[in-house]
Engineer: 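Quick one: the structure is below, questions incoming.
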Amino acid sequence: MCAQDATMGKDAARAEWDNPMQFVLACVSYAVGLGNVWRFPYLCQMHGGGGFLIPYMLMLVLLGVPLFYMELAIGQKMRLGSIGAWRAISPYLGGVGMASVVTSMYLCLYYNVINAWSFWYLFHSFQSILPWAECPVNSNLTGPVEECERATPTQYFFYRETLDISGSIEENGGIHMGQALCLLLAWIIVYLFIIKGVKSTGKVVYFTATFPYLVLIIYLIRGVTLHGSINGVKYMFTPKMEQLAKPTTWINAATQIFFSLGLGFGSLIAFASYNQYNNNFEKQAIIVSMVNSGTSIFASIVTFSIYGFKATFNYESCLERVRLLLLNTFDLAEDTISLENVNHWIAELNRTHPEQFASLGGRLETCDLEAELDTAVEGTGLAFIVYSEAIKNMPVSQLWSVLYFIMLLLLGMGSMLGNVIAVITPLSDLKFISHYMSTKTLNGLVCLFCLLLGLGFTTRSGNYWFTMFNDYGATFSLLFIVLIEVITVCYIYGIKRFEKDVEDMLGHRLNCYWKIMLAGVSPILLIALFIFYIVNYIQGGTPTYQAWNKELGKSVVTEYPPYAQAFIGLLLASSVCCIPLTALYTYCKKRNLASGKRERTVSTVSA
Amino acid sequence: MLVRILVLLYLVGAPALAQTLCQPNASNGYRVRISIKTALGNQAYEWNENEMFLFQATMAFAMRRYYKTETYNVDNIIVCNQTRRVSFWFVVISPENPTMLIPKADVEKAVSALTTRLPCRPMSNSMSRHRINNAFLLTDRTLEFLGIHPTLAEPVNPDTPPWLIVFGVVIGAVFAGIIALLVSSLLQKRRKEKGMMEDGQDEEDRQMKGVENGINLDGIYNRGFTDDDRFTKL
């Protein structure tokens with residue numbers, strides 16, 4: 001009833017996508033993001049290579065696609081952003097929408113910082129020698145900078161020149177001007193993309209959704225033709241079936257599907273709300289989910305061929321160093337030891353000249369290809385350190401660097417569009433906001449607000465706050481939000497009513513796959529995930545983070561100080577408690593209204 | 001007669017004396033290590049007596065450039081202890097006094113030079129290392145003087161960092177895009193207003209025109225005039 005009122009009132013004025021293709025591309029652009037490039041390959045490697053695809057595909061079918069379908073259905077039916085849509089479904093659970101908006105707001109704040117870093121690296125790629133290829137010289141011109149010597153040039157460039165990172169989260173510093181400028185640029189571009197609402201976004205997604213694939217294909221061709229890339233691909237795809245017996249494999253597969261599709265942020269509801277009423281979202285939900293998973297697998301082939309190249313390069317450099325060391329210590333002619341027979345010569349020389357060999361001591365390195373491949377990294381470390389290290393060793397590295405960071409930018413921008421629209425759509429649906437300002441002004445204000453708060457992430461300790469937001473800002477609250485969503489739709493709103501709504505929109509009934517998944521399997525899986533997260537969090541003890549130690553030239557595990565832990569709690573609570581608080585507020589309001597206006601026959605409360 | 005004996009002794013004794021001056025780990029000697037195959041791969045030349053002569057000649061050349069007054073010769077560079085690695089020790093003796101070794105520090109100064117990655121710019125006497133390397137088609141890494149570290153190049157510091165230039169270009173383009181969009185939407189709005197005032201053919205106008213007192217004046221489709229024969233067959 002309330003839903004019908006909402007539909008009638010909004011139909012005439014609401015913007016729409018120019019065609020269904022724009023909607024599909026917008027969803028693809030949003031779902032295919034940085035996580036496909038830097039999280040899935042890591043999980044694949046950690047959990048048994050090719051074997052990981054089994055739990056991944058299973059979770060996609062059991063959890064990912066049904067929940068994706070549900071969110072699209074809600075958005076398309078209610079034709080409102082997350083706050084309005086959930087209020088229409090059940091007045092007590094309007095808080096679900098509010099929680100989504102709060103979580104999306106957190107995501108907006110920190111996600112664009114990644115785009116700022118991508119811009120920074122992109123602009124620095126236009127130099128004859130990439131700045132992360134070599135250590136800069138110290139002030140005495142005697143050698144490289146100390147911190148750079150202890151770490152690697154790529155790490156030095158990321159931690160010192162890009163972030164100017166401090167030693168711990170407590171040591172704040174000034175704002176890094178370069179980062180601040182790049183963040184400003186990133187937000188201005190986001191504003192440019194959303195300035196006219198879906199009209200402008202719809203045109204932008206043609207580019208942001210398709211161009212990354214072009215770059216990935218180019219990189220795939222470059223990657224597999226690099227020397228040693230086959231080692232990486234082989235290593236990744238060799239299935240280690242025993243990993244499937246561990247529960248963490250299945251849990252990681254579920255969380256990856258869940259977060260990769262971007263469920264619970266309200267972006268999908270917002271995108272779908274601009275659809276035509278009879279749009280066939282069922283087909284589109286399946287297409288987008290498949291494309292997202294396919295891209296993850298494709299991106300991990302590219303990542304692992306690059307990994308293989310980097311590992312082989314490092315391994316061969318190590319062998320070369322050992323060879324030179326042996327030649328110089330034992331004064332052998334240059335062509336006696338080659339890269340192939342280094343190990344043979346080590347054994348030989350140990351046998352024939354034991355004392356001289358012993359004098360080598362710690363200088364003799366062990367070169368192990370497996371160990372190089374084993375250094376699995378995820379997240380910003382993979383994208384900005386490992387990848388840039390691989391790129392600097394490629395021929396014509398400036399070109400590959402520019403291409404790579406443009407791809408990262410497009411993936412990040414595409415996801416940012418979804419995040420920002422998830423915040424703006426519910427806000428612009430609220431009557432008191434849309435009354436006082438136009439969409440352009442609202443968009444500008446939201447972007448400005450996020451920019452100003454986001455400047456906090458460009459300070460010297462900003463990266464630690466970034467990691468905190470990344471690890472805690474969205475993970476737990478999303479599981480809770482989506483769990484409440486599924487239970488609301490299936491049990492409070494009723495699966496029968498949902499079925500009728502879908503039939504109204506699509507013209508055919510829900511078949512039993514959707515019914516079973518939405519009403520049965522997905523909630524159970526979500527509850528299991530939720531419990532696992534809580535148990536893991538409690539068992540984990542004090543939350544820790546990786547602090548960069550400039551004396552050692554590497555990251556050390558440090559505990560969060562008490563005020564930071566309190567802030568983590570605030571992050572988690574602020575989005576989650578929207579739900580019970582709104583329910584309580586609505587209950588009180590209804591009770592007051594009911595008791596105060598019992599004489600009136602027509603109740604004008606619509607929410 | 002005595003003079004002849006002295007000259008003979010000198011001619012015989014000098015090289016022997018010279019040999020004793022050059023020893024591994026000599027206090028005034030340097031060890032040189034050459035890696036030809038690493039540097040040149042297939043085009044590597046063989047290290048032999050002639051190459052050694054060239055080395056002695058280039059060292060003498062470097063000493064001459066440093067000590068502009070004294071004339072050094074190939075004989076003043078003494079080499080010993082060659083290995084298969086192609087490494088050897090050398091010492092430099094003064095041309096006036098064959099028993100006097102040139103101190104280590106002076107030899108170092110004569111040899112070391114700024115190694116730059118830019119094309120060679122003539123810079124007084126500090127390009128000797130570069131010239132020595134070039135004579136052998138080698139680099140600082142493959143022609144090593146153990147103990148002499150090449151001074152590193154002064155970092156090139158441009159006035160505006162290059163990244164700022166690219167940033168300026170991009171942000172200029174983005175601002176231009178925003179202004180273009182805002183101006184175009186402003187112009188569109190003005191055109192619409194003008195159109196509405198002149199009773200133009202706008203979509204909204206038609207909608208507005210067709211509704212008077214809530215009654216749609218566009219007319220209702222009258223089924224009385226449809227062709228029913230399509231539907232009912234008697």
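Chain identifiers are assigned alphabetically (A, B, ...) following the order of the sequence lines, protein sequences preceding nucleic acid strands; residue numbering begins at 1 within each chain. Everything quoted here is computed from the prediction, not taken from an experiment.
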Engineer: Against chain A, work out which of B:G177, B:A44, B:S35, B:S87 has the most heavy-atom pairs shorter than 4.5 Å and name it.
Structural biologist: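 Among the listed options, the one with the most contacts to chain A is B:S35.
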Engineer: Heavy-atom cut-off 4.5 Å, strictly under: side chain, backbone, both or neither for B:I34 against chain A?
Structural biologist: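 Only the backbone of B:I34 comes within 4.5 Å of chain A.
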Engineer: Among B:I36, B:V169, B:V86, which residue forms the greatest number of heavy-atom pairs with chain A at distances under 4.5 Å?
Structural biologist: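 That would be B:I36.
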Engineer: Assess B:K104 against B:Y30: is NZ or CZ under 6.0 Å from the centre of the six-membered ring, and within 45 degrees of the ring's axis?
Structural biologist: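 Judged by the rule (NZ or CZ under 6.0 Å from the ring centre, within 45° of its axis), B:K104 counts as positioned above B:Y30.
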Engineer: Minimum heavy-atom separation for A:V198 and A:A15, please, with both atom names.
Structural biologist: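 Smallest interatomic distance, heavy atoms only, reads CG2-CB, 3.4 Å.
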Engineer: Measure A:L181 against the heavy atoms of chain B and call it side chain, backbone, both or neither at under 4.5 Å.
Structural biologist: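 A:L181 touches chain B through backbone and side-chain heavy atoms alike.
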Engineer: Looking just at side-chain N and O atoms, do A:E161 and A:H124 make a donor-acceptor pair shorter than 3.5 Å?
Structural biologist: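 No pair is found: no donor N or O on one side chain lies under 3.5 Å from an acceptor on the other.
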Engineer: Name the region of A:L192, side chain, backbone, both or neither, that has any atom closer than 4.5 Å to a heavy atom of chain B.
Structural biologist: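 Looking at A:L192, backbone and side chain both touch chain B.
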Engineer: So which residue, A:I189, A:L332, A:L122, ends up with the most heavy-atom pairs under 4.5 Å with chain B?
Structural biologist: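 Winner by heavy-atom pair count: A:L332.
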Engineer: Consider only side-chain N and O atoms of A:Q179 and A:W117, and report whether a donor and an acceptor are under 3.5 Å apart.
Structural biologist: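 Yes, A:W117 and A:Q179 have a side-chain donor paired with an acceptor closer than 3.5 Å.
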Engineer: For B:F55 and B:F90, I'd like to know if the aromatic rings sit close, meaning centre-to-centre distance below 6.0 Å.
Structural biologist: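 Yes, close enough.
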Engineer: Can you tell which part of A:Y191 gets under 4.5 Å to a heavy atom of chain B, answering side chain, backbone, both or neither?
Structural biologist: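 Contact with chain B involves the side chain of A:Y191 alone.
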Engineer: Any chance the side chains of A:W132 and A:T154 put a donor and an acceptor closer than 3.5 Å?
Structural biologist: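 No - no donor-acceptor pair under 3.5 Å links their side chains.
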Engineer: Flag the one option from A:I188, A:L327, A:L185, A:N328 with the top tally of heavy-atom pairs under 4.5 Å to chain B.
Structural biologist: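 The answer is A:N328.
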